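Here the structure comes first, spelled out in C-alpha cells, and everything after it is commentary.
As the structure is a computational prediction, the values presented were derived from the model and not from experiment.
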Amino acid sequence: MNDYLACAEEEVKRAAKGLLKSGQEFKQSLRDDRVIFYQGKQLEDVTTHFATAGGINQIAEIYDEQLNEDSEGLLTYKRDDGRMATMSYMVPRTKEDLIRRRAGIKYASQKNWGTHCRGLDMIASFSVGMLGHLPSFKKHCPEYAENIVAYREYAELNNLYLSETIVDPQGYRGRASGTDVGLTPPERAVMRITKESSKGIWISGVKGVGTAAPQCNEIFVGSLHPPTPDEALWAYVPANAPGVRMFCREAVHQPGASAYAHPLTSRGEEAEAMVVFDNVFIPRERIMAARSPEIAHAGFFNLWTAYSHWYTLVRIETKAELYAGLAKVIMEVLELEHIPVVRQRVSEIIQFVQIIQGMCLASMETATISEGGVLVPGATALAAGRIYAMEKLPRILHILRDLCGQGLILRFHEKDLAEYAAFGQKFEWFLDTRQVSASHKNILMNLVWDVAASEHATRSLVFEEQHALCEPLLRDRMVLDYDYSEHSSFIRNFIGLPPNRPKSR
C-alpha cells in the first residue's frame, strides 16, 4: 500500500510539473557534443567552464523557479490541455496577458540587473511573433509557413532556451554587401543554402552576434537584406548540430571572485560568439522560410519581432528602476540627500525611470491584434522608448558613478579594512559613515562598480546600443510606422490642401 501511495504521489508531482524542467535538467540538456572554442581551446563542458557556466547557472535558477507553485501567472501558465508550461512561449491575446508577461520579464531581469539581453523570454518570442504574422509567411513562403505553428509547440513542449544569430560578420567576404553577388564561395562567403533536397537544406557560412548561443539549446539563424534567394532563410538549428562551431569572445565577468568583491559580475554572464555553419543540415520541419528575400528585410523583421523588442524595453525598464533604487541607497549611505545639486542629478534618473515606464505602459495601451491574431505592443511607443533609453543610458551610468565620488575608485579587500592604520584604530575606522560600516559601504561601491564602471557594464551598454535594431533603424521605423492620419488631415483641411495621393511604386 505504501508503494502504491508513493507511486501515486510521484504521478501527481509529474502532472503538476507539466512541461517544466528543473535547472539541473536544463544543464544536463547542454552536456552534449556541441563544439565551443574559448581562446584556442575547445570546451569540454559548457556547464562547468568559467566563461559559460555562470550565465548557465543564472538561467537554471529561472528554470528551478518555474517549478514553484507561486510562479503560476508569473513565470508559467496553464495551457488549454491543463499542463503547466513556461510563460516564454505563451501567445498573448489580451492586455491581461501582456501584464502577466511584463511582470514575469521584470522578475527574471531583476536577478541579473537586466544584463541578460537574451533571457529565456527573448528569442522564444520569435516563434510567437512569427505566429502573429502567419498569413504573410503563408503568402510569401507557403512551403514552410505551417512549421511556424509546429515549432512553437515543439519549443514549448520541451521548454527550450533559444539564442539567435542573424548578423553578418564584419569581414568583407562574409557580408552580404561586401562582395559581388556573382562571386562563388569562398570569394563570397556569405551564409547561404548550399544544397537542398526533399528532406531539408544544407547551409554554410558564419554569423554573429550569437549572444548566449554557447549556452542555449537551439539557435535561430537567418539573414537580413539578403540579395539572393540562396542567402535568404529563417530556421532553428540545435546548438550541437554536426557542422556547427562557435568561437566565444573574451569573458568580461569576474570568475572566482567573491560575492563581496563583485556582487554582480561574480555571478557570470551571457556569452557572445561567432557561429560557424559548415555544411549544416537543417530538416524541413525546422525551416520557417527559405529562398524568400522579399520577407527577409528590416521592415518585416521589425513587425514579427515586435514582441522581442517589447521584452527589451521591459528589461530596460527593470534596469532603470534598479538604478533609481541604487541612487537612493548611495545617497543614504554617503549622507548626500541634503545636498540640492545631488538631488538634481538623481532627478534625472527618476525622470528616466518614469519615461521608460510610460513607454512600456503606452506600448501595452496601444497594442493591436496582428494579422495572425496575436496581441502586439504598439510599435511607435516601443521604438520611442528604446531610442530614449539608448540616448540616456550613458548619462544615467555617469550619474551613478559621479554620486560615489572617491569611493568608487578606492575599494578595498575585507582583510585590508581589518589592518591597523592610525590613532590605534583599524583602517575601517576612517571609512565608516554614520549610516553603515566601512565594510558595508565598500560592498555598495563594489556593486556600483559592477553595474556602472566595470568591463561587464561597458559590454552591457554597448550591447544595448547595437542589438535588436540599432538607433538609426529604430528611428527610420518610427517615422514609417507612426500614424499621422488624424493630424495630417487636420493640417490639410486647416489650410485647404487637397488630400495626399501617394505615388505608386
Atom pair [atom1] ([X]) and [atom2] ([Y]), whose distance is rounded to the nearest 0.5 Å:
| X | Y | atom1 | atom2 | value |
| --- | --- | --- | --- | --- |
| Ser363 | Leu361 | OG | CG | 7.5 Å |
| Met122 | Trp310 | CE | CH2 | 13.0 Å |
| Asn112 | Leu264 | CG | CG | 7.5 Å |

Is there a side-chain contact between Val275 and Val206 (heavy atoms, below 4.5 Å)? no
Check this for me: does any side-chain nitrogen of one of [X] and [Y] sit under 4.0 Å from a carboxylate oxygen of the other?
| X | Y | result |
| --- | --- | --- |
| Arg386 | Glu391 | no |
| Glu348 | Arg343 | no |
| Asp97 | Arg93 | no |
| Glu332 | Lys328 | yes |
| Arg100 | Glu72 | no |
| Lys415 | Glu419 | no |

Judged by modelled atom types alone, do [X] and [Y] share a side-chain donor-acceptor pair under 3.5 Å?
| X | Y | result |
| --- | --- | --- |
| Asp450 | Thr265 | yes |
| Ser22 | Lys27 | no |
| Asn442 | Arg411 | no |
| Asn159 | Gln66 | yes |
| Glu272 | Thr211 | yes |
| Thr305 | His309 | yes |
| Gln28 | Glu25 | no |

Is it true that, when you exclude [X] itself, more than 12 heavy atoms of the residues, nucleotides or ligands shown sit nearer than 6.0 Å to its [atom1]?
| X | atom1 | result |
| --- | --- | --- |
| Glu250 | CD | no |
| Arg173 | CZ | no |
| His440 | NE2 | no |

List in chain and number order the residues that pass side chain to side chain donor-acceptor pair (under 3.5 Å) with Arg79, two or more places apart in sequence or in another chain; answer none if no residue qualifies.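 Applying side chain to side chain donor-acceptor pair (under 3.5 Å) to Arg79 gives Asp81, Glu153, Glu156.
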Heavy-atom donor-acceptor pair, [X] side chain to [Y] backbone, under 3.5 Å:
| X | Y | answer |
| --- | --- | --- |
| Ser460 | Ala457 | no |
| Arg477 | Leu303 | no |
| Tyr260 | Ser439 | yes |
| Glu270 | Cys117 | yes |
| Thr52 | Val46 | yes |
| Lys319 | Ser109 | no |
| Asn68 | Ser71 | no |
| Thr165 | Gly208 | yes |

Begin from the C-alpha positions of Leu397 and Leu461 and carry the test side-chain contact (heavy atoms from CB on, under 4.5 Å) through to its verdict. CA-CA 9 Å; Leu397 296 176; Leu461 178 61; 4.2 Å; yes
Where at least one partner belongs to residues 46-74, residue pairs that pass ring pair (Phe, Tyr, Trp, His ring centres under 6.0 Å), sequence neighbours excluded: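 Qualifying pairs: Phe26-Tyr63, Tyr38-His49, Tyr38-Phe50.
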Going by the ring pair (Phe, Tyr, Trp, His ring centres under 6.0 Å) test, which pairs reach into residues 91-127, not counting sequence neighbours? Phe126-Phe220, Phe126-Trp304
Taking all heavy atoms of [X] and all of [Y], pick out the closest pair and write down the distance.
| X | Y | result |
| --- | --- | --- |
| Leu313 | Leu382 | CD2-CD2, 3.8 Å |
| Ala324 | Val353 | CB-CG2, 3.8 Å |
| Pro92 | Leu98 | CB-CD2, 4.0 Å |
| Ala239 | Ile219 | CA-CD1, 4.2 Å |
| Pro214 | Ala271 | CD-O, 3.6 Å |

Results of side-chain contact (heavy atoms from CB on, under 4.5 Å) for [X] - residues two or more places apart only:
| X | value |
| --- | --- |
| Thr48 | Asp45 |
| Ser223 | Met191, Lys207, Pro226 |
| Glu365 | Lys95 |
| Ile339 | Leu336, Val341, Val342 |

Provide the full list of side-chain hydrogen bond (donor to acceptor under 3.5 Å, both in side chains) pairs with a residue in residues 424-435, sequence neighbours left out, each pair given once. Glu335-Arg434
Applying salt bridge (charged side-chain N to carboxylate O under 4.0 Å, His left out) as the test, list every pair that has at least one member in [range]; sequence neighbours left out.
| range | value |
| --- | --- |
| residues 435-446 | none |
| residues 350-364 | none |
| residues 103-112 | Glu65-Lys111, Lys106-Glu317, Lys106-Glu321 |

Give a yes/no verdict on a cation-pi contact between Arg245 and Phe247, requiring under 6.0 Å between NZ or CZ and the six-membered ring centre and an angle within 45° of the axis. no
Working for side-chain contact (heavy atoms from CB on, under 4.5 Å), residues Leu474 and Met390: CA-CA 11 Å; Leu474 284 170; Met390 289 179 189; 3.5 Å; yes
Candidates Tyr236, Tyr89, Trp234 - the one meeting ring pair (Phe, Tyr, Trp, His ring centres under 6.0 Å) with Tyr151: Tyr236
Given the rule in the side-chain contact (heavy atoms from CB on, under 4.5 Å) test, do Met87 and Thr76 qualify, once you have shown the distances and angles that lead to the verdict? CA-CA 5 Å; Met87 192 79 83; Thr76 61; 5.8 Å; no
Applying side-chain contact (heavy atoms from CB on, under 4.5 Å) between Arg101 and each of Val128, Leu74, Asp121, Val314, report the one that passes.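 Of the listed options, the one satisfying the test is Asp121.
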Residues which pass ring-ring contact (aromatic ring centres under 6.0 Å, His included) with Tyr482, listed by chain and number, not counting sequence neighbours: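 Tyr484.
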Take Thr86 and Leu19, measure what side-chain contact (heavy atoms from CB on, under 4.5 Å) needs, and give me the verdict at the end. CA-CA 8 Å; Thr86 174; Leu19 304 175; over 6 Å; no
